[in-house]
Structure formats: C-alpha cells, structure tokens
Amino acid sequence: MSGSFYVTTPIYYVNDKPHIGHAYTSIAADVLARWHRAAGDATWFLTGTDEHGLKIEQAARAKGVSPRTHADTFAEPFRRLTAAMLLSNDDNIRTTEARHQAVVEAMWRRMEATGDIYLGTYAGWYSVGDEAYFDESEIVDGKAPSGHAVEWVEEQTYFFKLSKYGPKLLEYFESHPDFVKPNSRFNEVKRFVEQGLNDLSVSRTTFSWGVPVPDADGHVIYVWVDALTNYISALGGPDGEAFKTFWPASVHLIGKDILRFHAVYWPAFLMSAGLPLPDQIFAHGWWTVEGQKMSKSLGNTVDPFDMAERYGAEAFRYFLLREVSFGSDGDFSEHGLINRINGDLANDFGNLVNRSLGMLDRYRQGVIPARGRAEDAEDGPLLQAYAEARDALHAAMGELAFNKALAAIWSLVGAANKYVDVSAPWTLAKQGDAARLDEVLYTLCETLRVLGVWLSPFLPVKGPELLDRLDASPALRALSSTDTWGQGASGLTARKGDPLFPRVERPAAEDAPAAKPAKAPKQPKQAKQAKAPKAPKAPAALPEGTIAYDDFAKLQLKVARIIAAEAHPDADRLLKLTVDAGEAEPRTVCAGIAAAYAPADLVGQTVVLLANLAPRKIRGVVSQGMLLAAGEGADTRLATVPGELAPGTQVS
RNA sequence: GGCUUCGUAGCUCAAUUGGUUAGAGCGACCGGCUCAUAACCGGUAGGUUCGGGGUUCAAGUCCCUGCGAAGCCA
C-alpha cells in the first residue's frame, strides 16, 4: 500500500502561546506521519506559523518592536513544540519567509488570470480581534458577535468571486463523500455553501504587515489567502518538485474553528488557481480542562511543555489520542492522565514487557528461543487476539480513529498478560518442560516485537527502545513485519532493562477525587454559572491553589486518641491503629509511620484525624480516616494535641 | 429565530440495514496467581437505554412531543 502521504497541521497564529490544542493537532499529525513512514509511504509532514496580519502589526507596535521581531519572538515557542512533543515534521514553514510569499503571489496571479479577482469597495464593520468583517445585522450592542470591538471601515478592496464556486463546491462535495470529516462537520459545510456564497474581500489597505498585492500599491493580501497557501508554498509552489510528489495533501488536520476556511475558501481558491483539491480535511474537537472551558482569563490553559516535563511527552501524547475519539471534544485532567499512565502504560503494557523480558532473562539468559511446542488451547486465543488487533488497528488508522487504534493494540496487551497467566512459564520452568517454555517465551517476545512496531508511531521513544531491547533489526521494525505472525527472529539476545513506564505518584491533593462525590451538575452548566457572574470580576490575584473557606469547612478534623497500635499485617511501612474519635465505635486507621514510630509509643497519644475521608482499603485493611502528620520516612511526626482534649473535639 | 446533532451502568463510551438475556474500559466488591512496576488473571455488580405518546410481530435504533446539552447559520 505504499504511496505518498502528506499531512499538515494548521499554521499556528503567533499571537498566542502554544497550548494543548496546538499540541494535539501536531501530535495527531505526527502519529499519522510516523505510521505512514513505517508503512513505507513517501511521507511529508508540515507544520508552521502564521505571522502576518493586523493583530501582529498592532501587538508589535504596542511593544515598540518591528512586526518581524515580534513574530520571531512568538514563533519560537511553536518551533520548540517539535522537540518537546517529539514531532517528526519535515518542515516548519513561516508565512514571513520569502519562499512562501513568492507562492502567495503566484496564487494571486493564477486566480487573477482566471478572472476571479476584481476591485470593489467594501463597507462594513471590521473587528480586528476576529480579523473579519461583519454585516450590520450581526452587530450586537455595537460589538462583534464574539464580543470584540468593531469599527466602521470603508475601503477599496479586491474581491474574489467566491459566489461563482458554490455549485462547483457542492458538486465536488457530492462526489467526494469523505472530503470533510467528521460527517457532522461536513453537513455544516454543505449547508453553509447551499445558502449561497458572497464574494470574498481578499485584500486590505488598513495595514501593511502581509504579502503585497502584486501591482497594487497599498493593498495587502487577505490573511487567509496568505495563510492557506502555506500548504503548497512549503512544497515549493505549483512548480516545485515536492509539489509533484505530495500534492494534493492527504489530509489537512484542523481545529473545528477554522473549518470554513479550509473546506470552502481553500478549495475555491485552488479551483480558481487550477490546482487539485486536498483529499481530506479532518476537524478535530476541543479540549476542556478539568471540566471547564479553556480560557486565558480563567488561567486554566494546559501548557504542553509543562506536561511533557512532568509526565513525559509520550504519556501526554498517549493520553490525548487515547482518551477521546478524534473529532469529538474531550476533557483534560491530570487525574485522567495519571489514570492512563498507571493503568495502561505502566500496569498493562510496561509490566507486560518487564515480566516477559524478566522471565526470558531468568530462564533463557535473555536469548530469544527457537519455536518449541505449541499448545493450541493456550496459544490460540493470543494468536487470534493478535490477528484481530492487527486488522482493527489498520482499519482505525485509515479513518484517523486513534483511540480505536490504541484500544486495538491494548486488546493484544491484555491478551498477552492473560497468556502469561494461562501458560505459567514459572511452572514450566519448574517442571523442566523446555520445549513448551521455549514456545511460550518466543510467543511473548514476538508479541512484544509486534507491540513495539505498532506503538512506535505513538510512543516514538519507548517504542523503538523496546525494539532495541529485543535486538530487532530494521527489517523487524517495519510495519509489514507485523502483517503475519512469527517473523521475529530466534537467537537474538534481549536486554531486560528498567521499567519502560514507571507508575507515577498521584499528588496528594489529587487523591480526593477517589472518594468520588457523585459529580453533581454537568460541566457545561458549571462552566456557565462560573462564568456569567464571574466575568466582570477580574480573577483575583490569589496564589494558585487558594481555596475558599467553604472548601476548608468540608474537612472534618477531630481530636482522636490512639488506643491500640500494631504493625500492618501486609505492609512494612504502615501501622494499623485503632483510634477513639469520640464516636460509638473506635476507628481503624492505617498510617504510613512505621519507620518513625514503634506501635507501643503511640498508644495514648492525642492526634488529629481527618474523619470524613472516604474509607479505603490499604493492603487488605480498611482505613477509616487519616491522621495528620508531617515529614517523610523516619522523620515523620504525627500532629499531636497537647493536654487532655476530649476525643471527638472539632479541630478548626 | 432557523437548521443539525446528541441525551445508554457511578464515570467515559459501544451497540451491523429496527430483531434473541443492551456491551466494553475505568471505578467498586469478591476470588486466584506469584514471573512482574502495591503489578497480572478471573468472577460479580442488575442501567424504567432523559420523560410521555405512537408505528411495528419486534425499537436504545423509526415518527410526534416535552425537558436538557452541544454545534452551525441568521
């Protein structure tokens, strides 16, 4: 199935810092690019920055720097995204580059030659914030629908005969049912075009930071003509070598906010210029953060650099693509991220690698054995899981269903963990059944190899690292080497190594959600309530993490007396305490203070108990609360209460 | 205001052209194993499929209506 594959992200507007949305699009594009490279396709992955426009010009002026300097400064973090998110982009175009501007000019001339550009007068309300004109009827309270300020502008501008392309676009949509994904978005586009298109004003005279209109002093080419053209200017334009190989693009990945520009304007420009249209435009969804809409004013934007640093870029990549279906909105939370890391990456996958290579190491000194004796009843389910996962994975990648692709891969991880259980290599080793043990270990190594290949596009460091440990040759890393079972070589020496994905500790504050207080009203409502009344109030300048008194009041802190203490039966670091909190029954509480206190020293101490913490089973003992303490290890000290306060007394 | 989509187990989501006892993951509970990263495997958990009405031999799956949410357009 090798051919050519060209994937793009939007060029990111440099008036903003990179956030989770930018990272998301780029990561998705990266996974596609890596997948297609592994499949042997000639692949090109383009990202870039949009650096023109009135907003940039004004922001630069406000800072007293040149637009160029401003653009340079703000483009830099976007370029760092490549290293931080482990992107494999082949190019990173900037609209301020000469190679781009030349192609924009060429595009203009082509459209002009077709007779689609004419000079006219535009009068209307212009919003700098939206970079768009609004009709009188759209103005709400003297402002743009977005709330941005507008000003009345009358200017001579060039127009593009967009109206002429309505029928052609509809015809094209009809014959290309996969042109826009998801389908619901395609429907929106169709409806928009069906309503009739107005000609589009495609030049500006109100600013100069852009590509000049050829032979028309004072006119600058409309930002979207400029911006969209990046997809071909990066290929050298219509006459470029790369253009011949890679155009039309296989897929433009975009956020749903810029769908119309990509699905209506861009195709119309291309038609006018006599160029082929991209195969597909895929609009993905938005991320909310901890249930709330992401916004600068709320200060809850997710910084991808921060996430990569704290949890690893791969874990972040995995979470974003696994958590929701591409095309739907999703919610980002650290709680969810940690669940994915610990559950999927550490427990399921990482541990599978660790236990498998551990046994190979122990029983075969790390040498991947030749096939031994198969047992259909035991091997069958795993081989079937492999075949099903393989087919599901290919199907899912074909439709950009990354979450399904990962689910398919994890179904094989699950089957392999079960296989270890059922085949019980440790028993085979004890019994000396070498032929069977060989087969089982080979099977596990082959599974790991397949997983390594499949996961490499998603986990571009840990995937190859696993293959390194398996001593896999380049041929054994190609996607095609996983098309049929058993291509993995015997006789190679594998290295066990450290756990691929260590479990991450949940921040103490994160623990609360485990109690799961029946999540009351749904997010959107909360968001609105929180927003409407709060909006006028500037977010108070309180330190991050500040809580309201009400939040504190939720904690039931009580004085308690320790009436018994003993070592926890199944955990070295814990003590099992019995405390009197002034209630009918004494409580059992597990505390991680074994290193600091001997049980006998504790009886009779008066301490502080968090009494309304959800009970939790800790290594087999149900702990009904938590004692306040400070310090770590042997330096831990319980918070004690001097004197003789009665157990049950409220601490406030 | 018009149009579109959606509302399924505590949470996130599945359910071929309407068709047998509505599924999975996470969480919870119980049990098993010991190779492994307090990991892994198994089992259980009974959700009026938002409410109401209708079509049909049969509806989560079609129609009407009410409520709620989201999106596009004006």
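Chain A is the first sequence line, chain B the second, and so forth, proteins listed ahead of strands; every chain is numbered from 1. Not measured: the values here are computed from a predicted model.
With a 3.5 Å ceiling on both atom-pair distances, B/A58 lacks any Watson-Crick or G-U wobble partner. The partner of B/G71 is B/C3, by the rule that a Watson-Crick or G-U pair needs both atom distances under 3.5 Å. Using the Watson-Crick or G-U wobble rule with both distances under 3.5 Å, B/U44 pairs with B/A28. Within the shown strands, nothing qualifies as a pairing partner of B/C35 under the Watson-Crick or G-U definition with both distances less than 3.5 Å.
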Could you list all N or O pairs between the protein and nucleotides 32-35 of chain B that sit under 3.5 Å apart?
unit_1, atom_1, unit_2, atom_2, d
B/C35, O3', A/Arg362, NH2, 3.2
B/C35, O2, A/Arg355, NE, 3.0
B/C35, N3, A/Arg355, NE, 3.3
B/C35, N3, A/Arg355, NH2, 2.4
B/C35, N4, A/Arg355, NH2, 2.9

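A straight line from CZ of A/Phe501 to C1' of B/U37 spans 13 Å, rounded to a whole angstrom. For the pair A/Leu357 CG and B/U37 P, the interatomic distance rounds to 12 Å; values are reported in whole Å. Counting to the nearest Å, the P atom of B/C26 and the CG atom of A/Leu406 are 15 Å from each other. Put simply, CG on A/Asn342 is 10 Å from P on B/G27, counting in whole angstrom units. The nearest whole Å value for the distance from the CH2 atom in A/Trp286 to the C1' atom in B/C72 is 14 Å. Rounded to whole angstrom, the span from the CZ atom of A/Arg322 across to the P atom of B/C13 amounts to 12 Å. We find that NE2 of A/His335 is positioned 12 Å from C1' of B/G10, with the value rounded to whole Å. Put simply, CG on A/Leu360 is 14 Å from P on B/A36, counting in whole angstrom units.
Between B/U16 and B/A22, the two P atoms lie 15 Å apart (nearest whole Å). Spacing of C1' atoms, B/G52 relative to B/G68, comes out at 15 Å, to the nearest Å. Spacing of P atoms, B/A9 relative to B/G31, comes out at 29 Å, to the nearest Å. B/A39 and B/U34 are spaced 11 Å apart, taking the C1' atom of each and rounding to whole Å. Taking the P atom of each, B/U12 and B/C3 are spaced 30 Å apart, rounded to whole Å. Between B/U48 and B/U61, the two P atoms lie 16 Å apart (nearest whole Å). To the nearest whole angstrom, the two P atoms, one in B/G25 and one in B/G42, are 9 Å apart. With both ends at atom P, the span from B/G10 to B/G2 equals 35 Å, rounded to whole Å.
With sequence neighbours excluded, the residues forming a side chain to side chain contact (heavy atoms under 4.5 Å, CB included) with A/Trp286 are A/Lys256, A/Asp257, A/Asp329, listed by chain and number. For A/Glu388, there are no salt bridge (charged side-chain N to carboxylate O under 4.0 Å, His left out) partners, not counting sequence neighbours.
Contact annotation for A/Asp348: backbone-only contact, meaning every heavy-atom pair under 4.0 Å involves sugar-phosphate atoms and none involves a base. Within the 4.0 angstrom heavy-atom criterion, base atoms lie near A/Leu500. At the heavy-atom level, A/Pro425 lies nowhere under 4.0 Å from the strands shown.
Between B/G71, B/A39, B/C73, one nucleotide has an atom nearer to the side chain of A/Asn347 than all others, and that is B/A39.
Using bins of under 30°, 30° to 60° and over 60° for the plane-to-plane angle, the ring pair A/Phe332/A/Phe319 lands in the perpendicular bin. Using the six-membered ring where Trp is involved, A/Phe501 and A/Phe349 have ring planes that are tilted, between 30° and 60° apart. Ring geometry, A/Tyr318 versus A/Trp410: the interplanar angle falls from 30° to 60°, so the pair is classed tilted. Using a 30° and 60° split on the angle between ring planes, A/His22 and A/His19 fall in the tilted class, from 30° to 60°. The aromatic rings of A/Tyr265 and A/Phe261 stand perpendicular to each other, their planes meeting at an angle above 60°, with 30° marking the opposite boundary.
Dashed line: the shortest gap from a side-chain N or O of A/Lys418 to OP1 or OP2 of B/G42 is under 4.0 Å.
The nearest heavy atom of RNA chain B to A/Glu323 and to A/Leu352 marks one nucleotide each, and the one closer to the 5' end goes with A/Glu323. Comparing A/Val324 and A/Ala346 against RNA chain B, the residue whose closest nucleotide sits nearer the 5' end is A/Val324.
The minimum heavy-atom distance between A/Phe326 and A/Tyr24, with the atom names listed, is CD1-OH, 3.2 Å.
If you check distances only, the side chain of A/Asn351 does reach the base of B/A36 with a donor-acceptor pair under 3.5 Å.
A/Val251 places none of its side-chain heavy atoms less than 4.5 Å from the side chain of A/Ile281.
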